[in-house]
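All values below come from the heavy atoms of this structure, side chains included, with hydrogens, waters and symmetry mates left out.
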Amino acid sequence: MFGAILIYMIFSVMLYLTASHMESYQVPSGPLSMNETYTGLALMTENVVQADASGYVTYYAREGTKINANGAVYSLNTSKASDNSSSLSKEELSDIRSNMQSFSKGFDPSKFNSTYSFKYQLNGSILQYASDGSSVSTVTTTNEDGEEITTITAVSSDPNIRRAETDGIILYSKDGYEAKTVDNVTSADFDQNSYQETDLKTEDQIKAGDDIYTIISDERWSLLIPLSEKQAADLKDRTSIRVKFLKDNLTQMGDFSIKEIDGSKYGQIDFNKGLIRYASDRFLEIELVTNNVTGLKIPLSSVVTKEFYAIPSKFLTTDKETQQSGFMLSGRNKKGNSTTTFVKAGIYGRDEVTDEKTQKTSYIYYIDKSKFKEGDAIVDPDDGEKFVIGDTEVLEGVYCINQGYAVFRRIEILDENEEYAVVSKETYNGLVRYDRIVKNADKVSEQDILY
């Protein structure tokens, strides 16, 4: 007896190990694949302005803001501005704290050089707040919280004030890329490790000819992104593309083209707006929004096909006793008299059809072939019209196993690649998010009880 049990156990284990096992898959919602991210090199129309005399600088224009032509940018004085006792206002302190918090949340240790850029930006902001009153008239008041607030009024007749020759965006830094264009940029310019930015703000005396600020005089700008051969092939037919800027998660459309730089492929994205948000960023992390088709994501190995009878929706009826849906099957009894029998039938799918003459809309229902035989006639209980079953349609679907056994669910594929497909969420009696389906559908039949 023990020997027989041992042989049975060995035989069962061998069957289990050699048998094909069903794999399940929980259906998620989303695009076919994630959008790819890139680091883009921003190029714009920039000009570095030099001081026309020596002296100590007082800054008027806020960095990163737009200034009109003839607007006051800075002034030069023969001596340092006297130190006044006015403090930063509540709004100014709040602005600085907000900037620090934003940088801290988005800090990436792998890009530590961004710390220096932020340091220069922060120093510049504080320096501007502190020095705004040097060559202007000031009135210092105390608010209800006891804080001193300086009201600043520029003296337009001050001969020491230097004004912008054109309108544009003011930056108090330079990085050597100001003369770069999409036509003269090289592959070496994309190396962020060798990138250096110089802060032009200073409290020291400057000399005539020293660089003092940069002005961006055109709203049009470009991003260049390095592409692999596959990425270039995938994007070659595009003339425009939507870009998501990871800095602030805003999106913007741009004109797209592919160009070659030093033997490598690069994507060129041209914009005509939005520059003021990214004027101080030479390198921008972006995401190309190319996967617009979303739905339910399933593996292609789960897809099966099945044939169904196609029956017009007008013949569908409801049994009065059971309240179940089905069809009235026409037949004859032993005496040869006509009879009708209610046949319960589940609907596995439907398609909308429009009558060419009346323009009325109806449906074609798809019914399991096991419920009827070809040539069977069903009857419309309202008007007695008969329909002979015979037309068939092959539907794509998957096996849903939520209840422990395989049930066919129709799918409508919106997009696919080599491994996965995205199917519609709106399919009648189709899949919903978090359904469990058979991943290897060739190992299962609809009659299988899986667990």
- Can you spot which of R162, K207, R163 makes a salt bridge (Lys or Arg N to Asp or Glu O under 4.0 Å) with D52? R162

- Tightest non-hydrogen contact, residues I367 and I347, listed as CD1-CG1, 4.0 Å

- Query: Can a donor-acceptor pair be found between the side chains of T392 and K369 at a distance below 3.5 Å?
  - Reply: no

- Note on the structure: On a heavy-atom basis, the closest approach of I269 and G254 is CG2-CA, 4.0 Å

- Query: Are K259 and D183 close enough that some pair of their side-chain heavy atoms sits under 4.5 Å apart?
  - Reply: yes

- Item | Any side-chain heavy-atom pair of D210 and T202 under 4.5 Å | no

- Query: With no hydrogens and no angle check, is any side-chain donor or acceptor of S98 less than 3.5 Å from a backbone partner on S94?
  - Reply: no

- Query: salt bridge (charged side-chain N to carboxylate O under 4.0 Å, His left out) between R220 and D255: does it pass, once the steps are laid out?
  - Reply: CA-CA 11 Å; R220 293 171 295 181; D255 296 328; over 6 Å; no

- Going through the distances and angles, do I67 and Y60 end up as a side chain to side chain contact (heavy atoms under 4.5 Å, CB included)? CA-CA 10 Å; I67 191 171; Y60 293 149; over 6 Å; no

- Item | Separation between OH of Y177 and CG of L43, rounded to the nearest 0.5 Å | 9.0 Å

- Aromatic contact, Y172 with Y59 (centres under 6.0 Å): yes

- Distance-only, no hydrogens or angles: does the N77 side chain make a donor-acceptor pair with backbone N or O of T58 under 3.5 Å? no

- Message: Between S24 and I401, is there a side-chain heavy-atom distance shorter than 4.5 Å?
- Response: yes

- What distance do E229 atom CD and S264 atom OG have between them, rounded to the nearest 0.5 Å? 8.0 Å

- Counting distance only, does the side-chain N/O of D435 pair as donor-acceptor with the main-chain N or O of V432 below 3.5 Å? yes

- Item | Expected output: side-chain N440 to main-chain E23 donor-acceptor under 3.5 Å | yes

- Note on the structure: Interatomic distance, CG@L200 vs CG@D211, rounded to 0.5 Å, equals 6.0 Å

- Task: Determine whether V289 and V243 make a side-chain contact, defined as any pair of heavy atoms from C-beta on separated by less than 4.5 Å.
- Result: no

- pair V438-S302: side-chain heavy atoms closer than 4.5 Å: no

- D351 side chain near Y366 side chain, heavy-atom distance below 4.5 Å: yes

- Note on the structure: Paired with I286, the side-chain contact (heavy atoms from CB on, under 4.5 Å) test is passed by just one of T37, I225, N35, L246, namely I225

- Does Y348 have K306 sitting over its ring (NZ/CZ under 6.0 Å from centre, angle to axis within 45°)? yes

- Message: Pair S280, L171 - check side chain to side chain contact (heavy atoms under 4.5 Å, CB included), show working.
- Response: CA-CA 7 Å; S280 60; L171 298 177; 4.2 Å; yes

- Query: Quick one: side-chain hydrogen bond (donor to acceptor under 3.5 Å, both in side chains) partners of R350, sequence neighbours excluded?
  - Reply: none

- Task: Verify whether one side chain among E396 and T305 offers a donor that lies under 3.5 Å from an acceptor in the other.
- Result: no

- Do the side chain of Y428 and the main chain of R410 share a donor and acceptor less than 3.5 angstrom apart? no

- Side-chain contact, heavy-atom cut-off 4.5 Å: E36 with Y38? yes

- Query: Would you say the side chains of E46 and T214 form a donor-acceptor pair under 3.5 Å?
  - Reply: no

- Task: Please confirm whether Y266 and F190 have ring centers closer than 6.0 angstrom.
- Result: yes

- Note on the structure: Scanning both residues in full, the closest heavy-atom pair of I413 with A421 reads CG2-CB, 4.1 Å

- Message: Walk me through whether E412 and V423 qualify under side chain to side chain contact (heavy atoms under 4.5 Å, CB included).
- Response: CA-CA 5 Å; E412 295 173 286; V423 302; 5.8 Å; no

- For the pair F327 and Y365, evaluate ring pair (Phe, Tyr, Trp, His ring centres under 6.0 Å) and give the outcome as yes or no after the intermediate values. CA-CA 11 Å; F327 301 89; Y365 288 141; 7.4 Å; no

- Taking ring pair (Phe, Tyr, Trp, His ring centres under 6.0 Å) as the test, write out the residues that go with F387, two or more places apart. F315

- Message: Looking at K273, I'd like to know if its NZ atom is crowded, meaning that more than 12 non-hydrogen atoms belonging to other residues, nucleotides or ligands lie closer than 6.0 Å.
- Response: no

- Item | Stepwise side chain to side chain donor-acceptor pair (under 3.5 Å) test for R242 and T251 | CA-CA 7 Å; R242 180 168 291 279; T251 61; 3.2 Å; yes

- Message: Regarding D199 and K201, does a basic nitrogen lie under 4.0 Å from an acidic carboxylate oxygen?
- Response: no

- With side chains defined as the heavy atoms from C-beta onward, is the minimum distance between Y25 and P299 less than 4.5 Å? yes

- Item | Intermediate values then yes/no, side chain to side chain contact (heavy atoms under 4.5 Å, CB included), E416 and V422 | CA-CA 6 Å; E416 64 179 275; V422 170; over 6 Å; no

- Message: Tell me whether K236 at atom NZ has more than 12 heavy atoms from other residues, nucleotides or ligands lying less than 6.0 Å away.
- Response: no

- Between the main-chain N or O of N193 and the side-chain N or O of D191, is there a donor-acceptor pair closer than 3.5 Å? yes

- Is there any salt bridge (Lys or Arg N to Asp or Glu O under 4.0 Å) pair reaching into residues 287-301, and which pairs are they, with sequence neighbours excluded? none

- Side chain S301, main chain K439, donor-acceptor under 3.5 Å: yes

- Message: Tell me whether N402 contacts the main-chain N or O of R436 through its side chain, where contact means a donor paired with an acceptor under 3.5 Å.
- Response: yes

- Message: Going by the rule side-chain hydrogen bond (donor to acceptor under 3.5 Å, both in side chains), which residues pair with K180 if we only count those two or more places apart in sequence or in a different chain?
- Response: D189

- Query: Between CG of L275 and CG of D281, what distance do you get to the nearest 0.5 Å?
  - Reply: 10.5 Å

- Item | Expected output: side-chain D355 to main-chain T358 donor-acceptor under 3.5 Å | yes

- Item | Shortest non-hydrogen contact between G274 and Q252, atoms and distance | CA-OE1, 3.8 Å

- Test ring pair (Phe, Tyr, Trp, His ring centres under 6.0 Å) applied to F283 - qualifying residues, sequence neighbours left out: Y195

- Task: Specify the closest pair of heavy atoms between S173 and E178, including all atoms of both residues, with the distance to one decimal.
- Result: O-OE2, 4.5 Å

- Roughly how far apart are E260 CD and K265 NZ, rounded to 0.5 Å? 6.0 Å

- Rounded to the nearest 0.5 angstrom, the OH-CD1 distance for Y56 and I206 is 11.0 Å

- Message: Using a 3.5 Å distance criterion without hydrogens, assess whether the side chain of Q196 forms a donor-acceptor pair with backbone atoms of G176.
- Response: no

- Query: Partners of F271 by ring pair (Phe, Tyr, Trp, His ring centres under 6.0 Å), sequence neighbours excluded?
  - Reply: W221, F245

- Message: Quick check: closest heavy atoms across R277 and D248, and the distance to 0.1 Å?
- Response: NE-OD2, 3.7 Å

